[in-house]
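Here is the structure we will look at, set down as structure tokens.
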Amino acid sequence: MKILVLNSGSSSIKYKLYEMPKGDVLVNGMIDKIGDKASKIKQEANGKKIEISEFIKDHESGLHRVFDLFIDKENGVLKSLSEIGAVGHRVVHGAEDFTGSVIINDEVIKTIEKCCDLAPLHNPPNLAGIIATTHLLPGVTQVAAFDTAFHQTIPPTAYIYPIPYDYYTKYRVRKYGFHGTSHRYVARRAAELLEKGKYEVNVITCHLGNGCSLAAVKEGKSVDTSMGLTPLEGVPMGTRSGDIDPALIFFLAEKENLKLSDINGILNKKSGLVGISGFSNDMRDLEHAQAEGKERAKLAIAIFCYRIKKYIGSYMAVLNKVDAIVFTGGIGERGPYERAEILKEMEHLGISLDKAKNENKEREKDISTPESKVKVLVIPTDEEGAIARDTFEMTSKN
């Protein structure tokens, strides 16, 4: 069965076409800058890369163009769109309504719409992808995989905020967590590498990229995570602040004469690595600048690593016994310097890093020393592959 996986953003759609159950990727592509004159499609299929620059009006127009490419005589991989057996969608927020992936129907769509208040930047474009697919592939089964679903096993002691409880009962204000598909995938893969059952491992998973989050996974289930009601809570990220003193919002509002919307923009788009360094949210740029002696770049990296170290320490306390710490995401997978800084001087906690293993170029690897009580693993995430498997399994049941 051929499964299409879509990740629809506000001005982009990432897509992959899989042959299941083998999991072979037939097409890997992206539509960028939807609604902009500079919009383009980049795609790789059959070992051939193409790039098309043309105006893409909206998500439906973009998908229509991609589907034309799928059946194109020169660049296509399908004889007919009827070969697509199902479509899986990444959906960021499912609140408390979904504990796993679900087949999309009218009720599911209504619930996703209801969650738009909790994820105004993500759920509306996720919905746009679903609606466009409904129009272009009528009758094809669609599945929603939620970023929040894996974290629905977190207990109330971890997800309830210490504010008036009425806000939870009225508005469901609580910690939800994100990157759930990634945390689930690498936790399951870690169990395989450790030769344990998926519900037999305690791991701390670190998804580190432009967006960053950690999860404490106990016996295969998420029991705490760093992101909260929104993706702003937690460790510093590319442009997001992570944890701050909440009173800072009122202090800035008064001192800078700012509206709440202004401060929201500052904390989400002008903080984190770019806010501290003053010039970039890209860790590669910061490492280069640090090597040149730029102090604010050095400080940005140091704060990033220190805050992650603190979360790892707290999650070790939560889990009591930890089988492994897992690094994934762009920085987690390709940042040996950051991994070493995060885990520096943690031998007393049973964590010992092998320098040579940490710096080798293998994508998936164990970078701990033989005597390390806690394994340290680097596992490339595969969120799209996980969504494809969920979609295939759910479609096969029906």
Side-chain angles (χ1 to χ4, degrees), residues 21 23 88 90-92 94-102 143-159 174-208 212-228 234 308 311-329 332-333 349-351 364-368 372-394 396-397:
R90 180 197 179 204
V91 180
V92 167
E96 294 178 317
D97 297 278
F98 303 105
T99 58
S101 299
V102 295
V143 170
F146 297 90
D147 275 10
T148 49
F150 181 61
H151 301 303
Q152 282 302 298
T153 50
I154 291 175
T157 47
Y159 73 66
R174 51 159 285 182
K175 177 188 286 287
Y176 286 102
F178 300 90
H179 294 141
T181 305
S182 176
H183 287 295
R184 177 176 58 126
Y185 173 81
V186 297
R188 300 290 183 261
R189 180 60 184 151
E192 291 175 4
L193 295 174
L194 295 170
E195 298 182 344
K196 291 177 175 282
K198 65 182 180 181
Y199 296 121
E200 296 175 350
V201 292
N202 288 8
V203 295
I204 298 169
T205 51
C206 308
H207 180 109
L208 309 179
C212 301
S213 67
L214 281 74
V217 180
K218 187 172 187 178
E219 297 176 350
K221 297 179 180 180
S222 177
V223 294
D224 204 349
T225 191
S226 57
M227 284 180 168
I308 294 167
Y311 262 95
I312 289 173
S314 68
Y315 285 170
M316 291 186 81
V318 167
L319 295 175
N320 189 23
K321 176 185 178 294
V322 179
D323 296 303
I325 296 168
V326 182
F327 288 97
T328 193
E333 294 168 30
L349 294 174
I351 303 167
E364 184 176 88
K365 54 197 172 187
D366 177 349
I367 59 174
S368 48
S372 184
K373 293 180 181 178
V374 178
K375 294 291 183 184
V376 182
L377 306 174
V378 177
I379 300 176
T381 193
D382 187 8
E383 294 171 276
E384 292 87 358
I387 293 170
R389 281 187 288 277
D390 284 0
T391 303
F392 177 73
E393 288 171 9
M394 300 203 72
S396 301
K397 290 176 185 177

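Residue numbers count from 1 along this sequence.
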Among side-chain atoms of His183 and Ser213, is any donor-acceptor pair under 3.5 angstrom? yes
Residues Asp323, Lys218: salt bridge by 4.0 Å N-O rule: no
Testing the 3.5 Å rule here: is there a donor-acceptor pair between the side chains of Ser182 and Glu383? no
Show the nearest heavy-atom pair for residues His151 and Ala215, with the distance to one decimal. CE1-CB, 4.0 Å
Close side-chain approach of Arg184 and Asp390, heavy atoms under 4.5 Å: yes
What heavy-atom pair brings Phe150 and Gly180 nearest, and what distance separates the two atoms? CB-O, 3.6 Å
NZ/Lys221: more than 12 non-hydrogen atoms of other groups inside 6.0 Å: no
Applying salt bridge (Lys or Arg N to Asp or Glu O under 4.0 Å), name anything that partners Glu96, two or more places apart in sequence or on another chain. Arg172, Arg174
Are any of the side-chain heavy atoms of Leu214 and Ile308 separated by less than 4.5 Å? yes
Measure the shortest side-chain to side-chain distance between Phe178 and Thr225 over non-hydrogen atoms and say whether it is less than 4.5 angstrom. no
Would Leu194 and Val201 count as a side chain to side chain contact (heavy atoms under 4.5 Å, CB included) here? Give the steps. CA-CA 8 Å; Leu194 295 170; Val201 292; 4.3 Å; yes
Please indicate whether Lys373 has more than 12 foreign heavy atoms, meaning atoms of other residues, nucleotides or ligands, lying under 6.0 Å from its NZ. no
For a quick test of reading the model, state the closest non-hydrogen atom pair linking Leu377 to Ala324 and the distance between them. CD1-CB, 4.1 Å
Report yes if the side chains of Asp224 and Tyr315 come closer than 4.5 Å at any heavy-atom pair, otherwise no. yes
Close side-chain approach of Val92 and Phe146, heavy atoms under 4.5 Å: no
Taking all atoms of both residues into account, what is the closest heavy-atom pair of Cys212 and Ser226, and its distance? O-OG, 4.4 Å
Between Thr181 and Ala386 the two heavy atoms that sit nearest each other are CG2-CB, 3.7 Å
To the nearest 0.5 Å, atom CD of Glu384 lies from atom OG1 of Thr391 at 11.5 Å
Rounded to the nearest 0.5 Å, how far apart are CG of Leu193 and CD1 of Ile379? 5.0 Å
If we only count heavy atoms from C-beta on, is the Val376 to Ile351 side-chain gap below 4.5 Å? yes
Return yes if some donor-acceptor pair links the side-chain N/O of Asn202 with the main-chain N/O of Glu219 below 3.5 Å, else return no. yes
Is a side-chain donor or acceptor of Thr153 paired with a backbone partner of Ser222 at a separation under 3.5 angstrom? yes
Give the minimum heavy-atom separation between Ile367 and Val378, together with the two atoms involved. CD1-CG2, 3.9 Å
For Gly94, does its backbone N or O pair with a side-chain atom of Thr148 as donor and acceptor, under 3.5 Å? yes
Measure the shortest side-chain to side-chain distance between Met316 and Ile204 over non-hydrogen atoms and say whether it is less than 4.5 angstrom. yes
Restricting to side-chain hydrogen bond (donor to acceptor under 3.5 Å, both in side chains), what partner residues turn up for Asp366, sequence neighbours left out? Ser368
Just by modelled atom types, is the Ile387 backbone N or O under 3.5 Å from a matching donor or acceptor in the Arg90 side chain? no
Flag, side chain of Lys175 to backbone of Met227, donor-acceptor distance under 3.5 Å: yes
Whether Ser372 side chain and Gly350 backbone form a donor-acceptor pair below 3.5 Å: yes
Pair Arg389, Tyr185 - check side chain to side chain contact (heavy atoms under 4.5 Å, CB included), show working. CA-CA 11 Å; Arg389 281 187 288 277; Tyr185 173 81; 3.2 Å; yes
What pairs of residues pass the side chain to side chain donor-acceptor pair (under 3.5 Å) test when at least one of them lies in residues 190-201, not counting sequence neighbours? Arg189-Glu192
In a check of side-chain contact (heavy atoms from CB on, under 4.5 Å) between Val223 and each of Leu319, Ile154, Thr157, which one passes? Leu319
Just wondering, do Ile325 and Val203 contact through their side chains at under 4.5 Å, heavy atoms? no
